[in-house]
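All remarks here apply to the structure that follows.
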Amino acid sequence: MARTRVKVKHAVAETVAIAALVALMLAGCSSGSNGGAGSGNGQAGNPRSAVTTTDADWKPVADALGRTGKLGDNNTAYRVALVRNDLQVTTDGVAIKPGLSLGGYAAFVRYGNNETLLMADLVITEAELPIVTDALQSHGIAQTALHKHLLQQTPPVWWTHVHGMGDATRLAEGLKAALDATSIGPAAPPPAQQPPVGIDTAGVEQALGRKGTADGGLFKYSIARKDTIVEDGHVLPAASLNLTTVIDFQPVGGGRAAINGDFVLTGTEIQKVIQAVRAANIQIVELHNHGLTEQPRLFYMHYWAVDDAVTLAKGLRPALDATNLQLA
């Protein structure tokens, strides 16, 4: 009887120990990190909003990059243009203007406790790609997507999305190391007077049901979703981080235009938009993610076509109407 009682006591002790270990493991899995891309938590509870900043707050970033940016999203984000004015890219017989497809950027967003988010979209050549990748990785900056925005193209160009969270100056120094591996020059100043846009812009606006913006001879749209986008417990400012549907028209003569851009979509919207775009004979270039853990989960579908500008706008309208975009 004494030996039996000893065995029972040992069995109970082992059961309690195992239960405690399991509880500890479960608690560890649920706690996680509020840090960078891929931590996959922080969505529950009250997400943190970006804080208001001034140009002076971002001077260390500008100094580290050797480039200046502009405040956006109610002064919560600092965005630096990284346009490939140095490349002469041709696709489908069209010489691509940098403002149509080659406009990279880096955006810095500050949250509480001097915690800064970096998101960027870098336009890089195939020769630059491995060097840029190594520079980013060696500075602890994550890459979350690698893809193309155009179909056949000369020379081959890639777009890589990057993500970092931490000290703003250190993030800028890491990004600078990657930019040093490219030929990305300073942003060109805007023209003193906007050149004419050689398409029927009034017809395009009527077809899309929205006002566009003339920009260096192009006609552009950037349309935010109604959703609040949260990643790892941080509310993301949509405009500065390119969480928008983009439609760009580049006139090619005779009222025709090349269109390029991307739709920002949730999973349930993808097939409807594909069907709408293909019904208008618009080609699909890519379908991919930009982030890793944002909620709602977002996907980006790039497209391309050359045709009468108003005809293209009419073809795009059903695709716009199939997504949860902010009203005009």
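Computed from a prediction, not measured in an experiment: that's the story for all the values here. This chain uses plain numbering: 1 for the first residue, then up along the sequence.
Without hydrogens or angle criteria, Q275 side chain to A279 main chain gives no donor-acceptor distance under 3.5 Å. Without hydrogens or angle criteria, T182 side chain to L179 main chain gives a donor-acceptor distance under 3.5 Å. R278 contributes a side-chain N or O that, together with a main-chain N or O of I282, makes up a donor-acceptor pair within less than 3.5 Å. One N or O on the side chain of Q250 and one on the backbone of A95 form a donor-acceptor pair closer than 3.5 Å. Not a single donor-acceptor pair under 3.5 Å links the side chain of T160 to the backbone N or O of L122. Under a 3.5 Å cut-off, the side chain of Q283 and the backbone N or O of A305 do not form any donor-acceptor pair. Between the Y303 side chain and the E286 main chain, no donor and acceptor come within less than 3.5 Å of each other. For the pair D134 (side chain) and I131 (backbone), a donor-acceptor distance under 3.5 Å is absent. Counting only distance, with no hydrogens or angles, the side chain of R79 and the backbone of A107 share no donor-acceptor pair below 3.5 Å. Looking only at distances, a side-chain donor or acceptor of Q326 sits under 3.5 Å from a matching main-chain atom of R225.
Note: the hydrophobic cluster containing L100 does not contain W158 (ILVMFWY, side chain heavy atoms under 4.5 Å, direct or indirect links). Placement of I141 and Y105 in two distinct hydrophobic clusters is found when ILVMFWY residues are connected by side-chain heavy-atom separations under 4.5 Å, directly or transitively. V89 and L129 sit in two unconnected hydrophobic clusters of ILVMFWY residues. Membership requires side-chain heavy atoms under 4.5 Å apart, directly or through other members. Taken together through direct or relayed side-chain contacts under 4.5 Å among Ile, Leu, Val, Met, Phe, Trp and Tyr, L175 and V132 form part of one hydrophobic cluster. When the side chains of ILVMFWY residues are joined at heavy-atom separations under 4.5 Å, either directly or via intervening members, Y78 and V83 end up in two distinct hydrophobic clusters.
Using the six-membered ring where Trp is involved, W159 and H149 have ring planes that are parallel, under 30° apart on the 30 and 60° scheme.
Side-chain contact check for N260 and S101: at least one donor-acceptor pair (N or O, by modelled atom type) lies under 3.5 Å. No donor-acceptor contact under 3.5 angstrom links the side chains of T76 and D73, judged on distance only. With hydrogens and angles left out, the side-chain atoms of T244 and S222 include a donor and acceptor closer than 3.5 Å. Under 3.5 Å, the side chains of W58 and T53 contain a donor-acceptor pair of N or O atoms. No donor-acceptor contact under 3.5 angstrom links the side chains of Q153 and T90, judged on distance only.
In the displayed structure, K220 atom NZ is contacted under 6.0 Å by more than 12 heavy atoms of other residues, nucleotides or ligands. Taking a 6.0 Å sphere around CZ of R210, one finds it holds more than 12 heavy atoms contributed by other residues, nucleotides or ligands. Around the NZ atom of K272, the shell of radius 6.0 Å holds no more than 12 heavy atoms that belong to other residues, nucleotides or ligands. Annotation: Q206, atom CD; neighbour count of heavy atoms from other residues, nucleotides and ligands within 6.0 Å does not exceed 12.
Here the closest heavy-atom approach between residue G315 and residue A280 is recorded as CA-CB, 3.5 Å. The two residues L218 and V197 have their closest heavy-atom pair at O-CG2, 3.7 Å. Minimum heavy-atom separation, A177 to H139: CB-CE1, 3.5 Å. V252 and A258 make their closest contact through CG1-N, 4.0 Å (heavy atoms, listed as atom of the first residue, atom of the second, distance). Closest heavy-atom contact between N324 and E269: N-OE2, 3.0 Å. Looking at every heavy atom in both residues, D248 comes nearest to G99 through OD2-O, 3.7 Å.
No side-chain heavy atom of L117 sits less than 4.5 Å from a side-chain heavy atom of H234. At least one side-chain heavy atom of L316 sits less than 4.5 Å from a side-chain heavy atom of F263. Annotation: side chain of L171 is in contact with side chain of F108 (closest heavy-atom distance under 4.5 Å). Taking the side chain as every heavy atom from C-beta outward, I270 and M301 never approach each other to under 4.5 Å. Between K148 and H302, the closest side-chain pair of non-hydrogen atoms is not below 4.5 Å. L320 is listed as a side-chain neighbour of I223, based on a closest heavy-atom distance under 4.5 Å. L102 has its side chain out of reach of K97: every pair of non-hydrogen atoms, C-beta onward, lies at least 4.5 Å apart. Looking at N75 and T54, their side chains never come closer than 4.5 Å, going by heavy atoms from C-beta outward.
With sequence neighbours excluded, the residues satisfying side chain to side chain contact (heavy atoms under 4.5 Å, CB included) with A309 are I199, V204, F249, A257.
Taking CG of N281 as the start and OG1 of T311 as the end, the distance is 11.5 Å to the nearest 0.5 Å. T266 OG1 to D227 CG: the interatomic distance, rounded to the nearest 0.5 Å, is 7.0 Å. In this structure, CD1 on I96 lies 12.0 Å from CG on L87, to the nearest 0.5 angstrom. Taken to the nearest 0.5 Å, the OG1 atom of T116 stands 9.5 Å off from the CG atom of D57. To the nearest 0.5 Å, atom CG of residue D232 and atom NE2 of residue H163 are 6.0 Å apart.
For H290 and H288, the distance between ring centers is under 6.0 angstrom.
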For residues 64-71, dump all side-chain donor-acceptor pairs below 3.5 Å to protein atoms at least two apart in sequence or in another chain.
| unit_1 | atom_1 | unit_2 | atom_2 | d |
| --- | --- | --- | --- | --- |
| R67 | NH1 | G185 | O | 3.0 |
| R67 | NH2 | I184 | O | 2.7 |

Steps toward side-chain contact (heavy atoms from CB on, under 4.5 Å) verdict (V80, L82): CA-CA 6 Å; V80 180; L82 300 171; 4.2 Å; yes
Apply the test side-chain contact (heavy atoms from CB on, under 4.5 Å) to residues T91 and W304: give CA-CA distance (whole Å), side-chain angles for both, the deciding distance (0.1 Å), then the verdict. CA-CA 10 Å; T91 185; W304 167 266; 3.6 Å; yes
Run the side-chain contact (heavy atoms from CB on, under 4.5 Å) check on H161 and M119 step by step: do they pass? CA-CA 7 Å; H161 287 262; M119 283 192 180; over 6 Å; no
Is there a side-chain contact (heavy atoms from CB on, under 4.5 Å) between I229 and V235 once you walk through the steps? CA-CA 6 Å; I229 311 302; V235 177; over 6 Å; no
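Ion pairing between R84 and E128 holds under the 4.0 Å rule for side-chain N and carboxylate O. In summary, D180 and K176 engage in a salt bridge, as defined by a charged side-chain N under 4.0 Å from a carboxylate O.
For the side chain to side chain contact (heavy atoms under 4.5 Å, CB included) with F299, the qualifying choice from V264, L287, D262 is L287, the only one to do so.
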